[in-house]
Amino acid sequence: HEFWQNFWGILNHRRETSINLVLAALFNIWTIVDTKDPKLRSVRIKQIIYFWIFFQIGFTLQDFLFNKLLHIQRASPSLIIQPVIKLSEILQNANIKDTSTHSFPGGHAFSLIYWASFTLISSPKRIGILSIIFAISLCIPRLISGAHWASDVVFSVLLALLWLSWTLYFPIYRMIIKIPTPSLPK
C-alpha cells in the first residue's frame, strides 16, 4: 500500500539518522531539565556526557573492528533474496536505505540500543522506558526494508549491551558519579 511504502521509506531515509541523534539528545536534555535535585542533576549531566563519549568510542571501534580490520562484507537480504521490492526504486529516492554490502553488524541498532540503555540507567523511569520504545521502533524499519538481516540486529543489540556493561564498569565511571569501587576478595 502506498501509505506504508512512504511510511517505511521515511523511516529508512539516510537523513533519518541525523533526526534520531537530535531526538536522542532531546531525550537526554529532557532528563536534565526534569531533574529538580541539583546534586542528582549534576550526576545525570556527568553520566550523559560520559555515555555519549563512550557511545562515539564504541561506534568507532565497531566500525574499525568489523569493517576495516575483519573486512566483513555481508550483503543485505534485499541483495540476496529475489524477487525483492526496493523502497528506493518505488519511491524514486536513492537516499532510502534498503540495501547494504556491509549489513553486519547493524550500526543503527548498536547506536539506538546503546543510547536507549544508558538513557534508561541515567534518566527517570518514564523517560528511560520511552527511550527503549523509541529505539526498538527505529530498529524495525531496517528489517522491513531489507537493509539488515534479523541476525545483524540481534548481534548489534548484544554488542551494544556488552559495550554498555564495559562502560559501566570502567573505573572512570565510578569516579565521575562517585560510586565507591567494591573491594575484591583476596
Side-chain angles (χ1 to χ4, degrees), residues 1-35 44-45 47-64 66-67 76-79 85-150 152-161 163-164 167:
H1 190 273
E2 186 178 342
F3 169 80
W4 289 111
Q5 290 171 350
N6 285 307
F7 176 78
W8 294 114
I10 289 167
L11 290 178
N12 281 292
H13 197 280
R14 294 186 193 280
R15 289 193 185 103
E16 169 262 345
T17 303
S18 301
I19 294 168
N20 291 349
L21 285 172
V22 169
L23 289 173
L26 288 174
F27 268 87
N28 294 139
I29 291 168
W30 178 19
T31 294
I32 295 165
V33 170
D34 191 55
T35 305
R44 286 183 170 164
I45 290 169
Q47 283 179 307
I48 290 167
I49 292 169
Y50 173 83
F51 283 122
W52 273 92
I53 290 168
F54 270 79
F55 161 71
Q56 293 301 319
I57 293 168
F59 193 77
T60 302
L61 285 173
Q62 174 197 295
D63 181 59
F64 174 76
F66 293 102
N67 292 334
S76 63
S78 59
L79 294 175
I85 298 172
K86 292 187 180 175
L87 290 172
S88 58
E89 293 173 0
I90 292 171
L91 300 174
Q92 299 176 354
N93 188 335
N95 285 321
I96 294 174
K97 183 172 181 174
D98 54 11
T99 63
S100 177
T101 56
H102 292 88
S103 75
F104 180 85
H108 205 75
F110 175 87
S111 301
L112 286 164
I113 297 302
Y114 179 81
W115 165 79
S117 298
F118 85 67
T119 300
L120 183 64
I121 291 167
S122 62
S123 300
K125 191 173 186 177
R126 70 183 183 287
I127 297 173
I129 291 171
L130 284 174
S131 69
I132 294 291
I133 293 167
F134 176 72
I136 291 170
S137 65
L138 289 177
C139 287
I140 294 169
R142 297 294 202 244
L143 296 170
I144 299 291
S145 72
H148 287 287
W149 298 92
D152 299 339
V153 174
V154 169
F155 179 83
S156 298
V157 166
L158 295 174
L159 188 63
L161 294 175
W163 183 248
L164 178 71
T167 56

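Residues Asp152 and Arg142 are not paired through a salt bridge, judged by the lack of any N-O separation under 4.0 Å between the basic side chain and the carboxylate.
Taking the side chain as every heavy atom from C-beta outward, His148 and Val154 never approach each other to under 4.5 Å. Here the side chains of Ser18 and Leu21 are not in contact, with every heavy-atom distance at 4.5 Å or above. Annotation: side chain of Thr167 is not in contact with side chain of Phe118 (no heavy-atom distance under 4.5 Å). Considering only heavy atoms from C-beta on, Phe54 comes within 4.5 Å of Tyr114 through its side chain. Residues Arg44 and Pro124 meet the side-chain proximity criterion, which asks for heavy atoms closer than 4.5 Å. A heavy-atom distance below 4.5 Å is found between the side chains of Ser117 and Leu161. Residues Phe134 and Thr119 are not in side-chain contact: their nearest non-hydrogen atoms beyond the backbone lie 4.5 Å or more apart.
Across all their heavy atoms, Ala109 and Ser156 have their closest contact at CB-CB, 3.8 Å. Here the closest non-hydrogen pair linking Ser122 and Ile48 is OG-CG1, 4.0 Å.
With rounding to the nearest 0.5 Å, the separation of CD1 in Ile136 from CG in Leu112 is 10.0 Å. Note: Thr35 OG1 to Trp30 CH2 = 11.5 Å, rounded to the nearest 0.5 Å. Taking CZ of Arg126 as the start and OG of Ser131 as the end, the distance is 12.0 Å to the nearest 0.5 Å. Distance check: Leu120 CG to Leu130 CG gives 11.0 Å after rounding to the nearest 0.5 Å. In this structure, CD1 in Ile19 is found 11.5 Å from CG in Leu26, a value given to the nearest 0.5 Å. To the nearest 0.5 angstrom, Ile29 atom CD1 is 11.0 Å from Leu23 atom CG.
Judged by distance alone, the side chains of Trp115 and Asn20 never bring a donor and an acceptor atom under 3.5 Å apart.
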Are Phe66 and Phe110 close enough, and set up right, to give a ring-ring contact (aromatic ring centres under 6.0 Å, His included), and what steps lead you there?
-> CA-CA 13 Å; Phe66 293 102; Phe110 175 87; 9.3 Å; no
Test side chain to side chain contact (heavy atoms under 4.5 Å, CB included) on Asn28 and Trp52 and set out the steps.
-> CA-CA 10 Å; Asn28 294 139; Trp52 273 92; 2.8 Å; yes
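When each of Val157, Leu159, Val153 is paired with Phe155, the side chain to side chain contact (heavy atoms under 4.5 Å, CB included) condition holds for Leu159 and for no other.
Although no hydrogens or angles enter the test, the distance criterion places no donor-acceptor pair under 3.5 Å between the side chain of Thr31 and the main chain of Ser123.
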